[in-house]
Amino acid sequence: MSSRGRGKGTGGARRYSSVVFDGAKQAPSRAMLRAVGFTEGDFQRPQIGVASTWGNVTPCNMHIAELAREAVAGADAAGGKGVLFNTITVSDGISMGTPGMRYSLVSREIIADSIEAVAGAAGFDGFVAIGGCDKNMPGCAMAMARLNRPSIFVYGGTIRPGAQRRDIVSVFEAVGAHAAGKLSDSGLLEVERTAIPGPGSCAGMYTANTMASAIEALGLSLPGSSAQEAVGQDKRTDCHRAGREVVRLVREGLKPRDILTRRAFENAITVVISLGGSTNAVLHLLAIAHEAGVRLALDDFTRLGRRTPVLADLRPSGRHSMTDLIAIGGIQPLMKTLLEAGLLHPDCLTVTGRTLQQNLESAPAYPQGQEIVMPLSRPIKKDSHLVVLYGNLAPEGAVAKITGKEGERFRGRARVFEGEERATQAILAGRIRAGDVVVIRNEGPRGGPGMREMLSPTSAIMGRGLGAEVALITDGRFSGGSHGFVVGHISPEAAVGGPIGLLRNGDIVTIDAVKRQLQVELPAAELKRRRAQWRPGRPYARTGVLAKYARLVGSASRGAVTEAKQAP
C-alpha cells in the first residue's frame, strides 16, 4: 500500500490513522471504508472526523447536518478526508420542568463519551465538533480535552428573536403570568406560537451563548464563531473554515492541551463574567478543566470576579438578545477591551496557531452610541454577578447569579419542597408569599439524578410578579434564562446528607452576596441532631443510564464529572 509506514505527518505530528490504514494486515479496515466511499488516495490523507449533534428534537440542532457537511467539505478541500458521524442531543427547553430534564446534564457525559469512542475507534487524526444546545458545547470541549487530538469546536449559532423580541424564556414567564390571571388563554397561545421562529440556540446570554463565548475565549473556536446566527452564510463559512483549519492543526501537531492552560481558563471566566453569563458556565468550565488536567476551583471564579465587571446588557437580566450583540460585532471587541485593560492573558495560544493578542489585533471597536456593551468606566456591575457562597448550608459552596437588580441580601422563611414539580405547583397555585425562600432539594447531580434546571419555578415566580420578594435555593441548577434571587449548585447535595437536606419549613435562611454566605439560622447542635436523624431517600432510578450516572457522578462543586474516583 502506498500509505504504508505513514506514522508521522509533516512537522512530526502523530498520525493516529496509520494504525487503522497501514500494512497488509489492515486490508479489512480499508475494505470496509471503500464501501462508504473511500478511494485509494483517501487512505493517505489526514483523517478528520466531524462530530455532528444534528437532530430534529430541538430547533437548536435542526440545521447542524448542513453545517457538518460544510466542515467535511472544508477538510476535503485542505487535503484531508472528512468523515461525518453523529452524536446525540436533548432539548433543555422541551424537557424543562419534566422528568425528562434529568437526562440533560447526563447528555453532556454521553456526548463526550461518544465522541471519544468514535474518534478513538476510527483513528481520526483530528476532528471538528459542532454543537448547538446547552450540553453539546461542554460535551464537545470535554471530548477535545480528553482525546487531545487536533480539533476545533464550532457553535451552531443563535436563533433570531421571535415576534415582539420574544424567546423561550418569554414563554416560560407567560405561563406564570397566565397562572396569576395576568394573561388570557389566547394571549398565552399567541406567545407560544411566535416565540421560536426557526433554527438556533436560545436568543439571550443563556447557557448556549454563554458556553459558545467561553469556548471561543478558551481558544478552541475560530474567532467570531460564538457570535453568529444559526442561519446565514457566516455560519456556513465558519464550519467550512474549521474543516480546513483542523487539517492544518494535524500537520502542525497543535493539540487542545497546548491551548487549555490555566491562563486560558482564566480568560474564559473573565469573558463569561463580562457578558453576564449563565451559572452553568461554572459547572461546565470546571468539568472541561478536569478533562484537560488543569487545576480549577470555585474560588477561582471569586478571585477573578472581584476584578471583572459585568459590561453586557443582555437577557435574561438585561434588555438585549444575542442577535443585537452580533449586529455590533460580537464578543471580539469586548475581548479586545478586556485585553487592553489587562484583564485577559495575551499570550494564550488558540486554534488559529496564533495567540489571543494576535487574533484580536484586527478586532474593531464597537460602534459609537451602542448601549449593549458598556465601557469599563460605566459598568452594569463593578464586579462579578456569579457569586460563590459558603456557609452552614453550603460547606462545599453554592453558586448565585446576582446582577444587583435583585438586591444583595435576602432573609426569609424556608418553604421546603422535595423536587421541582411540587415547588412549581405551589408557586402557580399562589401558595408562595413575599418573604419566602423556596427550597428545592434532592435535585443534585446524584439525587435528581442529573441536576435539573429550575427554569419553570423561577419563571413562575417572575411571571407572578414575585421576583423581588421571593428567593429560591436548590442543590439543582438553573437555566441561563433564570433570573431573580436564586442560588444553585448547593454542595454537598441533599442526597448525600448535605445540610440542605436538613432544612424544615419555617427555618430562617439568609443569602448574603456581600459576605458571600448562605446560612440557616440554627445552632450547630440542632443541625447535628437533625443530621443524626437523616436517612437517604430511595434512588429515582435503579437501572439504566440515570442509575449509572448517579453511581459515578461527583459533586457540583467539582463540575459534576462522572469518574468513580470523584464519587463520595
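Just so it is clear, the structure is predicted and the values come from calculations on it, not from any experiment.
- Heavy-atom neighbours of Tyr390 OH from other residues, nucleotides or ligands within 6.0 Å: above the threshold of 12.
- No donor-acceptor pair closer than 3.5 Å links the side chain of Ser459 to the backbone N or O of Ser456.
- In summary, the side chains of Glu396 and Ser555 do present a donor paired with an acceptor at a separation below 3.5 Å, with no hydrogens or angles considered.
- Between the side chain of Asn61 and the backbone N or O of Thr58 there is no donor-acceptor pair closer than 3.5 Å.
- The local environment of NZ in Lys381 is crowded, with over 12 non-hydrogen atoms from other residues, nucleotides or ligands closer than 6.0 Å.
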Taking it one step at a time, do Val57 and Val90 satisfy side-chain contact (heavy atoms from CB on, under 4.5 Å)? CA-CA 7 Å; Val57 296; Val90 302; 5.9 Å; no
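- Side chains of Thr474 and Glu443: a donor-acceptor N/O pair is absent below 3.5 angstrom, by distance only.
- The two residues Val487 and Ala398 have their closest heavy-atom pair at CG1-CB, 3.7 Å.
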I'd like to know whether Thr403 forms a side chain to side chain donor-acceptor pair (under 3.5 Å) with Ser317, so could you lay out the CA-CA distance, the side-chain angles of the two residues, the decisive distance to 0.1 Å, and finally the verdict. CA-CA 7 Å; Thr403 66; Ser317 55; 4.6 Å; no
Would you please test Asp167 and Ser170 for side chain to side chain donor-acceptor pair (under 3.5 Å) and show each step? CA-CA 5 Å; Asp167 62 14; Ser170 306; 3.3 Å; yes
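- A cation-pi arrangement is present between Arg102 and Tyr540, with the terminal nitrogen or guanidinium carbon under 6.0 Å from the aromatic centre and inside a 45° cone about the axis.
- Atoms CD1 and CG, from Ile288 and Leu218 in turn, are 6.0 Å apart once rounded to the nearest 0.5 Å.
- There is no side-chain donor-acceptor pair under 3.5 Å between Ser482 and Glu453.
- Around atom CZ of Arg422, no more than 12 heavy atoms belonging to other residues, nucleotides or ligands sit under 6.0 Å away.
- Side chain to side chain, Asn280 and Asp134 fail the donor-acceptor criterion of an N or O pair below 3.5 Å.
- In the model, Thr87 has a side-chain atom that pairs as donor or acceptor with a side-chain atom of Ser114 under 3.5 Å.
- Of the candidates Glu173, Lys401, Arg315, Glu173 is the only one forming a side chain to side chain donor-acceptor pair (under 3.5 Å) with His483.
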